[in-house]
Every structure is written in structure tokens, then in C-alpha cells.
Amino acid sequence: MKKKRIGILTAGGDAPGINAAIRGVAKTAILEYNMEVIGISSGFTGLINKEYIELKESNVSGILTLGGTILGTSREKPYNKKQIQDAIDKPQIIKNNYHELELDCLVCIGGNGTMKTASKLSQEGLNVIGIPKTIDNDVWGTDATFGFDSAVSIATEAIDRLHTTANSHKRIMIIEVMGHNAGWIALHSGIAGGGDLILIPEIPYQEDVILKYLAERANVHKAYSIIVVAEGIEKPKKEKAGEYIAKLIDNKLGYETRVTVLGYIQRGGTPSATDRILATRFGTYAAELISKNKYGQMVAIHNQNISSIPLSETSGQSKLVPADASIIKKARKIGVCFGDKQYAKLKDMY
Ligand code: F6P
């Protein structure tokens, strides 16, 4: 009987844990279900160019702790309108190559954009399974994505370090963290790192509240303040989030301020234990779905249980931080300011 043959690709921004997910899918498929596995290079670009490697138990051993992705990634968007206008029908090339490679299923590891492409390919007849991945934690339909815990740990350690230099110089230290349009990394690392002011896109800030909050802290002789800023907060187009807030403080209050943009450090290096476990659970479950011919699904975690939802339900929308999230309410109770009018009312600022 012909062995099932599955292709794995990794697309979008890299994140700690991708290799753990690849290993989870491949080892389970090979050892448990006697399937064949190929690893497709550079996301959808590799499928378009038919660039791949055979994955064996031997070459997925030892990758659990590796950051990045052994397959490489790209931000190729096959359904991008512009390219279709240029008469490059990449989706059709992908479907042709899927059959020429004799695949029985395509496993796509990626974020919202990847799930959107996976959903379209599924609707157009391919057997597809999505595995949600991003440090941003903003994939719709799952409580968490691997990459997020590692990024929060990296950002938290950076914030811990900023406390000592802020205190030594009695400065305001601003750290800008990633998250695209979502504030999950800023929120979690801000709380874990003892941030005083946390600015996220989901809670619109008021400049006067920020200024009053910092002036108040100075008046009660707080030697320094730590401000955690998500890169996606409201700001003038050409400005970087952290620099914009620093300029506001310097211009209006004259306080000595420094900015750290954590950037790609949040995406690099070995995954945390939590991410290794989540990625392995996702990968194994993906192989189980394939063994049962249950396609058109995105693997997910809900209340600590691994399950799946139809890819059609993801449709590329983002999971943003609910402004009334319990974690935000708790942070407010310990005096964290989110720069909004709710803080102002609380402190009777007007
Ligand atoms: O999606 C993950 C992410 O790191 C975002 O947080 C960030 O805004 C974006 O990728 C950066 O994109 P690129 O890697 O293409 O510069």
C-alpha cells in the first residue's frame, strides 16, 4: 500500500519553536504512521520552485532546541492580487507542484497570513493542515502560538536589565517590543518585568495622561520609570513607537530618557521549554489529523487542550488583546498605567 506522503513548509516571520514543530510532525508521521515526509524550502516560494529535502528520523533529530527553521522561510503571498495581474498564477503552480510531488497533505507552519493562504488552498482542493506560529501570539482561533513564550522571556530579561541602568542614572527607560498590530508581548513582558507604563495598540493612550503619570511619579521621588511600548501603537507613520514616546517626554517634561528597540532578538535563539512542548504537541496532533484524513484544519490549543478548528474560521484575522482582559484589570490594581483615560479617572486627574 502506498505510504502517505506529506510536505511541510514554514512561512512568515521565524520564531523559536518552528524546528520543534517540524520534528513533532515528522517523527510522529514516520515512526507512528509510517508516512513519507518532505521539507519544503522557504515557505510557499519553495513549493512554487519545487525545492525540498526528504525528512528522515535522522535529520529531524537534534533540531528540537534549534532556533529559526531548518527549512528557511519567506513572506511569499501566492494570492497577492498584483502578481495574478502580472499573469503569474502562483496558486495554480502550487497546486500543480503539490500533485507532481505526489503529496497527500501539505502542512503549513505560519501566522495569520499563512493560515489565510492555507485556507484558500484547502478550499481549492488541496489537503492542508495549518500549525499556528508567531511570537506575536495574534493568530485567531488558538489561545497561544509557540514563539510567544520565548519572546516574552527574552523581553522580560531585557526589562529586568533596564531597571538597573535606569536606577543608576535616574532615567526613564523605554523598551519597544514586537507584536505587529497586537500588544501581547508588551503586555505580558511589561507585567513580568515590572513595567510602570505599558502602551499597547488595543488601548488608545492619551499623551497628557502619560505626562501626568510620569510627573506624578517624579513628584513622589520615584527615581526612574520603565515604559514598555508595543511597536504597533498609534504614532505618526514615519516615527518608531519608542522614539516617538521618548520625544514626547523630552519635549514636554525634559526628563532624561533612553530607548531600546529589542527587535529581532525576540525572534532568535533556542525556544523556551514551554514553546518546545507546545510546538511538539501541535506537530504530533497535526500528524494524527493526517492519519485520520481530517484535513482543512488548523491545530490549536484551547484551555490547555490541543484540538483543531476549520481553517476557514481563521480567515487571516488577528487575535488582539481584549481591552478589558482580566490580566489588564489586575495590572491596573497594582498601579500599572496604560496611558488611557481609565487611569486618569481612577487618579481623578481631571
Ligand atoms: O510577525 C512577527 C514579527 O516579528 C512582527 O512582530 C514584526 O512586526 C514583523 O514580524 C517584522 O517583519 P520582518 O521579519 O519581515 O521584518
Side-chain angles (χ1 to χ4, degrees), residues 3-47 50-76 98 101 103-111 113-115 117-118 127-135 139 142 144-151 267-291 295 297-301 306 308:
K3 285 184 180 181
K4 257 185 191 164
R5 184 170 160 83
I6 63 179
I8 303 173
L9 65 78
T10 59
D14 71 315
I18 294 177
N19 289 319
I22 293 168
R23 173 178 175 273
V25 179
K27 280 201 161 195
T28 307
I30 295 164
L31 299 177
E32 184 72 18
Y33 300 116
N34 193 30
M35 296 177 190
E36 284 179 4
V37 187
I38 65 169
I40 297 162
S41 308
S42 310
F44 291 102
T45 303
L47 193 44
K50 286 169 77 174
E51 289 162 358
Y52 66 93
I53 56 170
E54 295 292 337
L55 291 181
K56 305 275 182 229
E57 213 251 319
S58 56
N59 59 5
V60 293
S61 292
I63 66 170
L64 171 67
T65 58
L66 277 186
T69 160
I70 59 168
L71 300 179
T73 183
S74 69
R75 290 192 181 276
E76 173 68 61
Y98 172 97
L101 291 169
L103 295 181
D104 295 290
C105 179
L106 176 66
V107 176
C108 302
I109 301 175
T114 304
M115 294 307 121
T117 299
N127 293 332
V128 183
I129 297 286
I131 296 182
K133 161 280 313 170
T134 176
I135 66 166
V139 174
T142 179
T145 55
F146 61 82
F148 173 62
D149 182 73
S150 299
R267 299 219 316 235
T270 188
S272 66
T274 298
D275 278 342
R276 296 176 194 184
I277 294 165
L278 182 57
T280 300
R281 293 178 73 190
F282 276 178
T284 302
Y285 194 79
E288 289 167 17
L289 289 172
I290 296 166
S291 74
Y295 304 117
Q297 299 287 307
M298 181 189 84
V299 176
I301 183 165
I306 304 294
S308 68

query = Any donor-acceptor pair under 3.5 Å linking the side chain of Thr73 with the backbone of Gly12?
reply = yes

ask   = Hey, is the main chain of Ala273 close enough, under 3.5 Å, to the side chain of Asp149 for a donor-acceptor pair?
value = no

message = In the structure I gave you, are the side-chain heavy atoms of Ile135 and Pro16 within less than 4.5 Å of one another anywhere?
response = yes

task = Consider only side-chain N and O atoms of Ser308 and Gln297, and report whether a donor and an acceptor are under 3.5 Å apart.
result = yes

note = Across all chains, not counting sequence neighbours, the side-chain contact (heavy atoms from CB on, under 4.5 Å) partners of Leu31 are Lys27, Glu57

query = If only atom types and distance count, is the side chain of Ser74 paired as donor or acceptor with the main-chain N or O of Ser42 below 3.5 Å?
reply = yes

inquiry  = Tell me if a side-chain donor or acceptor on Thr69 pairs with a main-chain N or O of Ile18 at a distance below 3.5 Å.
reply    = no

task = Keeping the roles fixed (side chain from Lys133, backbone from Asp14), state whether a donor-acceptor pair exists under 3.5 Å.
result = no

request  = Locate the shortest heavy-atom distance separating Thr114 from Ala11; write the atom from each residue and the value.
outcome  = OG1-CB, 3.5 Å

ask   = Under the 3.5 angstrom rule, does the side chain of Thr10 hit a backbone N or O of Gly72 as a donor-acceptor pair?
value = yes

ask   = For Phe148, which residues count as a ring-ring contact (aromatic ring centres under 6.0 Å, His included) partner, sequence neighbours excluded?
value = His188

key: Where Asn19 and Gly67 come nearest, the two heavy atoms and their spacing   = ND2-O, 3.0 Å

ask   = Side chain of Thr142, backbone of Ile301: donor and acceptor closer than 3.5 Å?
value = yes

key: Euclidean distance, Phe44 CZ relative to Leu9 CG, rounded to 0.5 Å   = 5.0 Å

query = Judged by atom type as modelled, is there a donor-acceptor pair below 3.5 Å linking the side chain of Asp104 to the main-chain atoms of Arg5?
reply = yes

request  = List the atom of Gly39, the atom of Leu55, and the distance in Å for their closest heavy-atom pair.
outcome  = N-CG, 3.6 Å

query = Taking the side chain from Tyr285 and the backbone from Ala300, do they hold a donor-acceptor pair closer than 3.5 Å?
reply = no

task = Begin with the C-alpha distance, continue with both residues' side-chain angles, and end with the deciding distance and a verdict on side-chain contact (heavy atoms from CB on, under 4.5 Å) for Thr28 and Tyr33.
result = CA-CA 7 Å; Thr28 307; Tyr33 300 116; 3.7 Å; yes

